[in-house]
Amino acid sequence: MRYIKGKEEQEAISHMNKAAEIALKATCRRAKCGTVIVNGNEIIGLGFNSPPGEIKSQRRCGCSKDSYHKKVTDKTCCTHAEQRAIFDALKRNSSKINGSKLYFIRIDEKGNKTFAGKPYCTMCSKSALDAGVKEFILWHDNGICSYDTEEYNKKSFEYKE
């Protein structure tokens with residue numbers, strides 16, 4: 001993990017602002033998240049969290065995680081913003097996803113950007129690795145951090161909180 005500074009930080013802030021704009025489209029009732037995937041300075045994928053396929057009957061936002069059987073390993077309610085951005089990039093720009101950067105942000109109910117927590121989502125980290133995303137970029141309280149996707153995946157599996 002490294003904190004981004006200088007010109008790279010200014011570019012990251014611009015991409016984070018775009019991710020926050022995309023997060024406004026989220027229809028999840030638990031969280032509003034947005035993701036942009038960038039290669040070079042080109043946005044190649046966009047995503048926000050919502051029920052799979054935007055199908056209302058597939059909404060699980062009100063379900064308790066404890067209600068699922070132990071074999072249901074994904075206890076989240078919606079398709080994650082990161083997953084949707086990866087799918088979008090693979091559909092529209094598959095030749096550009098290898099070596100790309102994934103910018104993720106969460107917003108509050110008023111649309112304000114909030115700080116990301118520690119890496120913890122193994123579904124998204126494995127998907128990003130599989131697709132060829134090189135870096136995960138998160139906005140922490142100490143600044144904008146870049147994680148190599150392999151490191152992000154490792155930290156996600158080590159998450160304890």
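What you are looking at is a predicted structure, and each value in this text was computed from that prediction instead of being measured.
Nearest heavy-atom pair across V36 and I43 is CB-CG2, 4.3 Å. Heavy-atom minimum distance, C78 versus S50: CB-O, 3.2 Å. Heavy atoms only, all atoms of each residue included: A128 and F136 are closest at CB-CE1, 3.4 Å. Contact detail for R84 and P51: the closest heavy-atom pair is NH2-O, 3.5 Å. Listed here is the closest heavy atom pair of Y3 and C145: CE2-SG, 3.0 Å. The heavy-atom pair separating K113 from A20 by the smallest distance is CG-CB, 3.8 Å.
Side-chain contact of Q83 with S127: a donor-acceptor pair under 3.5 Å is absent, judged by distance alone.
No side-chain heavy atom of I22 sits less than 4.5 Å from a side-chain heavy atom of T35. Side chains of E21 and K18 form a contact here, defined as non-hydrogen atoms less than 4.5 Å apart.
In terms of modelled atom types and a separation under 3.5 Å, the side chain of H140 and the main chain of A116 share a donor-acceptor contact. A donor-acceptor distance shorter than 3.5 angstrom exists from the side chain of E151 to the backbone of M1, with no hydrogens or angles considered. Under the 3.5 Å distance criterion, the side-chain polar atoms of N49 are matched with a main-chain donor or acceptor of C33. T149 places a side-chain N or O within 3.5 Å of a backbone atom of V133 that can act as its donor or acceptor partner.
With respect to Y152, the ring-ring contact (aromatic ring centres under 6.0 Å, His included) criterion is satisfied by exactly one of Y120, F104, Y147: Y147.
In this structure, E11 does not pair ionically with K101, as no charged nitrogen and carboxylate oxygen lie closer than 4.0 Å. At a threshold of 4.0 Å, the pair R92-D88 counts as salt-bridged, since one of the basic side-chain nitrogens sits closer than that to a carboxylate oxygen. Checked for salt-bridge contact, E135 and R2 meet the test: a charged N lies under 4.0 Å from a carboxylate O.
Summarising the local packing, CD of E9 is surrounded by more than 12 heavy atoms from other residues, nucleotides or ligands at distances under 6.0 Å.
Taking S125 as the reference, N153 meet the side chain to side chain donor-acceptor pair (under 3.5 Å) condition, with sequence neighbours excluded.
Both I4 and W139 are members of a single hydrophobic cluster when ILVMFWY side chains are connected at heavy-atom separations under 4.5 Å. Cluster annotation: M123 is not connected to L102 through the hydrophobic network of ILVMFWY side chains, with a link wherever side-chain heavy atoms come within less than 4.5 Å. Linking ILVMFWY residues whenever their side-chain heavy atoms come closer than 4.5 Å, directly or via other members, places F115 and I105 in the same cluster.
The other residues sharing a hydrophobic cluster with L24 are I107, where clustering joins ILVMFWY side chains under 4.5 Å apart.
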key: Chi angles and distances behind the side-chain contact (heavy atoms from CB on, under 4.5 Å) call for H15, N41   = CA-CA 9 Å; H15 295 310; N41 206 24; 3.4 Å; yes
